[in-house]
Amino acid sequence: MTRLRLGLLLLALLALAALSAPLLEGWMGRDAFAPDLFARYAPPSAEYPLGADELGRDLLLRLLYGARVSLGVGVAAALAAAVLGTALGLLAAWRGGWVDAALMRLADGLLALPALPILVLLAAVDPAALGLPRGALATDMLRITAILVLFGWVGVARLARATALTLLASDYVRAARALGVTEAGVLWRHVLPGLAAPVAVASALAVAGAILAESVLSFLGLGIQPPVPSWGNMLANAQEAVFAAPLAAVWPGLAILLAVAACALVADGVARK
Amino acid sequence: MGDGGRGILMTLAALAAPLAVAPAQAQVPAGPPATRPQLTIGINQYPGTFHPNIENMAAKAYILGFVRRPVTAYDADWALTCLACERLPSLENGDAVRETTPDGKPGLRLTYRLREGEAWADGTPVSAEDLRFAWEAGRAFETGFGPAEFYRSAYELIVEDPRTVTLRLDKVTYDFAALGDFQPLPARIERPRWEADRQGYRNRTAYDTETTNPGLWNGPYRIGAVQPGAGVTLERNAHWAGTRPAFDRIAIRTVENTAALEAQLLAGQLDMIAGELGLPLEQALALQKRTGERFRFAFTPGLTYEHIDLNLDNPILADRRLRQALLLAADRKQIVERLYEGRQPVADGGVHPRDRMYDPGLPKYPFDPARAAALLEEAGWRPGADGIRRNAAGERLSLEFMTTAGNRSREQVQQILAGMWKAVGVEARIRNEPPRIFFGETVSKRRFGGLALFAWISSPENVPRSTFHSDEIPRPERNWSGQNYTGYRDAEVDRLIEAIPVTLEPEARRPLWSELQRRIATDLPALPLWHRSDAHVWPRWLEGVRPTGHQNYSSLWVSEWRVR
Amino acid sequence: MLRIIALRLPQIALTLVLLSLAAWFAIGLMPGDPASLALVSDPRLTAEDAARLRALHGLDQPLIARYLAWAGALLRGELGYSRLYAQPVADVLWPALRSTLVLVGSAVGLAALAGVALGGLAALRPRTAPFVDAVALLGQAIPGFWLGILLIILFAVGLGWLPAGGAPQPGEAGWPFLVLPVATIAFGQMAAYARHAAAALSAELHRPFITSARARGAGEGRILWRHALPNAAVPLLTLLALDAGALVSGALVTETVFARPGMGKLLYDAVMGNDYNLALLALLLVALVTMLATLAADLAQRWLDPRIEER
């Protein structure tokens, strides 16, 4: 329980900080996107609480704006994966037969695939070929989210299917059916609630995985494009000058660490409850 | 590679790399020269092939500089010199003779004599037959050598004696003496492979199947060991006739991530980082500040020209006043001072100030936001409510600004420029793509909407035909060849570009060059940024490395490198 | 056991075929073919040269025709050449695969050992559990390339104990080059093993047969080794198998940070450099290794725990 609380508290703080970015920006009277060539790699000071980056922009502000992108991608990917995974897992468990077999073989196949090269391949696909505008932030985020969902739903689906199978075989589902409750009603009222806990665990871990994956894609130059900050691209930009200005690399690294740890705590907390 | 002035070369951002120039002070130490068992050099790219004529890559050119000896090359003073030949053919010394080709065109007859003692590392002398083989293979359509222009022009090769060849060219250009890529290939090893299967030669060449065969190398060193992707180790060429180089072995390590490259230097695994393919300037400057006296640094401006191509098909950019306003509103001097500590010169155009054809009187655009604003007003763009200008039709002055994703230096510059333009009411929307897509599709097929930031590498006195001649605008019917990505057309510029190469007298070329520079600097189809500097990092005990700043890299003169 | 193998192998083959087809088109749809890239990097290429290069690379053929030609050659045992490295693909692939397997193998071995040790500690001495938890949490949350850079700064640049990366030169000892990258990967992997080991071991330690063994006077160490660990090994093995594929390809980041040649980087470079043949074969090889590892783990599970029913 304490883990769950600690994790949720951390996540809430991070989300609050992300939402407060424009307020803080206004209060500090500074633009998080405007380069200032006189403040490159400025050390932490009253003016720049965490220092400035390679273009003299305030690191704290960029960290907060980066949280919006990084957490946004993470949460969006995890939610989409959870919905898709739960739906498919439930479908497989309920219909059984060839639907179940086909879905689970597909899941096996995806699990067997080396994820990262495929991420790279998909990240390099030209959005214009799919009719999407190239280079817009929304396209970037959509692409990364889509990639993460493609692999993320599998874990959730397996978990959901296993739990749903147990629930569907349980006495009270049989009793409900005997009482004439419709199949939709059975699934909605008796099975789905039982899936909440395992899906929550899987989703929390998926958020963590997505945040880490975004940082890796940015490290490879396939992530969110400048000038929009994300923790991943801040870390990737800073690593080039890591010997000259290590602090610029330390903060986004710590932010990722904190967010991922918070998600892991939540997952752990739910699992133990 | 070392093409002596027949074109402009582009760096593929992360794929290819920069060049170098340097303080020229070759000291001659007293007494017997000191030697060291090994010199370890770090570079940031691994070559795809070791064949001199297949593919065009900076890492290959750098490594081959140690192990191959081209016939001619441009030296550190940007003058064409003989490396493997006895003297450069000229009309004065009679080795170059004007003649008429069998088709009745004006042509040239050039004679080259290989130096005495030039030998492959297995002891076989370099001979005219090796040149004949290279010429035959290059002329054969199916061999798959890159550019065929030279081989189409050189319609006949005559072996005069074992060390002498005569070439007949079907055109007369001022840089006729430069042989560039046309270098001896060991006929004894390569000819049978080529004759057995000409189409498959690319994959069968001993340069890639038996890279360590000494018979392939005629430089001061030969390739002794290859670790694919990681590096090569060079050993002395036992039959090298020139000055004995100072190292028994040279290890060249490839480290693509520049932070890792710096880490290996600091950890003592590397002795030096080649400036031609090394650290970004900003990173090297920071390294110098932190390490003080530990290494020797040289920052040498070279022929890598960073600029922004403007797509002239864009109606906004078709207006010259707007192009000039963009340049006037960009404080390039400030960027160079803050980002690069003034170590690379702001460019006024594609011709480097060190080039002998540079005209200091060409139009310049120092930072002047007021004039920029006036030009924008004149062109009909008035400030809008959101700070971005609008024209009479209410359109926003918004342009797409692209470069190679993942190239952090360019991404930095891009964001700074976007900020400066915003100050005069121009919005630059940043949209970047991985190099493969950016160069392979967007730029080369002219699919960029507005601005494209990248670099050209060139050689001394290079006529910008492929970038500014109207015939060179990429089009589907020309298989997208040509590099005039801006779509620039000007009849007078076309005429000048055609006239310069066939004007053999340097002083007669100079006014043509001046006019060409003036016209391009006035029209500004591309915005000049700066000529890039290469950051060379050497151990304190190494002397005599002379960065060239162009595509004939410093490694060609390794026998002059000395240990203190 | 044989039945499972007979059932799975065709599945693996089918997955490989589908994967190769999908990857072929994915790479093919990426803009920037070799001829276009050559055109950009060499201004002397004329329109005729461009047509010649396209024909040379087979780019004038439709995508599907090229795929069929490629697949046909592959079935005849012709692996073909890598465009990027100008070498037969096999000559490029094997050293890279070996290097990555050494790296990942050592890392997973170390991670499993350390993880089981930590998990055992937490199970036997519940007071240490929060510490083990914290270490596991840190390992799970730390971005791999960030840890790699920190290790380089500390051990290579700061203390100078170990090389900052790269590969050994011929005749040089290889192990110092392995230490930091192995540590980087192992630290991240260790977390999962520690958690699972702790959970499985504490569950086992409460089972009746352990209690009876204790009653018979067996030492705690002996109980852990002889009784609890073999049973707890089953979920750990599953974990190991599921990680195999992700690790081989995931080595990309570690290989980039440490400039170590290997499968991850090779695959990345091949995709980015439009080296169809190399990219495809590397991808298929990694997928094959992954699926075989999964199969091996399944077989080992059944062997260790015959209760698992055959599917």
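In what follows, chains are A, B, ... by sequence order, proteins preceding strands, each numbered from 1. None of the values given here were measured: they were computed from a predicted structure.
Of the atoms belonging to C:I149, it is side-chain heavy atoms, and not backbone ones, that fall under 4.5 Å from chain A. Of the two parts of A:L258, neither the backbone nor the side chain holds a non-hydrogen atom closer than 4.5 Å to a non-hydrogen atom of chain C. Both the backbone and the side chain of A:L257 come within contact range of chain C, judged by heavy atoms closer than 4.5 Å. In this structure, chain C has heavy atoms under 4.5 Å from both the backbone and the side chain of A:A261.
To the nearest 0.5 Å, the span separating CG on C:L162 from CG on C:L151 amounts to 9.5 Å. Between the CD1 atom of C:I64 and the CZ atom of C:F25 there is a distance of 4.0 Å, given to the nearest 0.5 Å. From C:Q140, atom CD reaches atom SG of A:C263 across 9.5 Å, with rounding to the nearest 0.5 Å.
One N or O on the side chain of C:E255 and one on the backbone of C:K265 form a donor-acceptor pair closer than 3.5 Å.
Within residues 126-137 of chain C, the residues that have a heavy atom under 4.5 Å from a heavy atom of chain A are C:D133, C:L137, listed by number.
Taking every heavy atom of both residues into account, A:L205 and A:A264 meet most closely at CD2-CA, 4.5 Å.
Donor-acceptor pairing under 3.5 Å is recorded for the side chains of C:S20 and C:Y67. In this model, no donor atom of one side chain and acceptor atom of the other lie less than 3.5 Å apart for C:Q11 and C:T15.
Remark: aromatic rings of C:W70 and C:Y276 are distant, center separation not under 6.0 Å.
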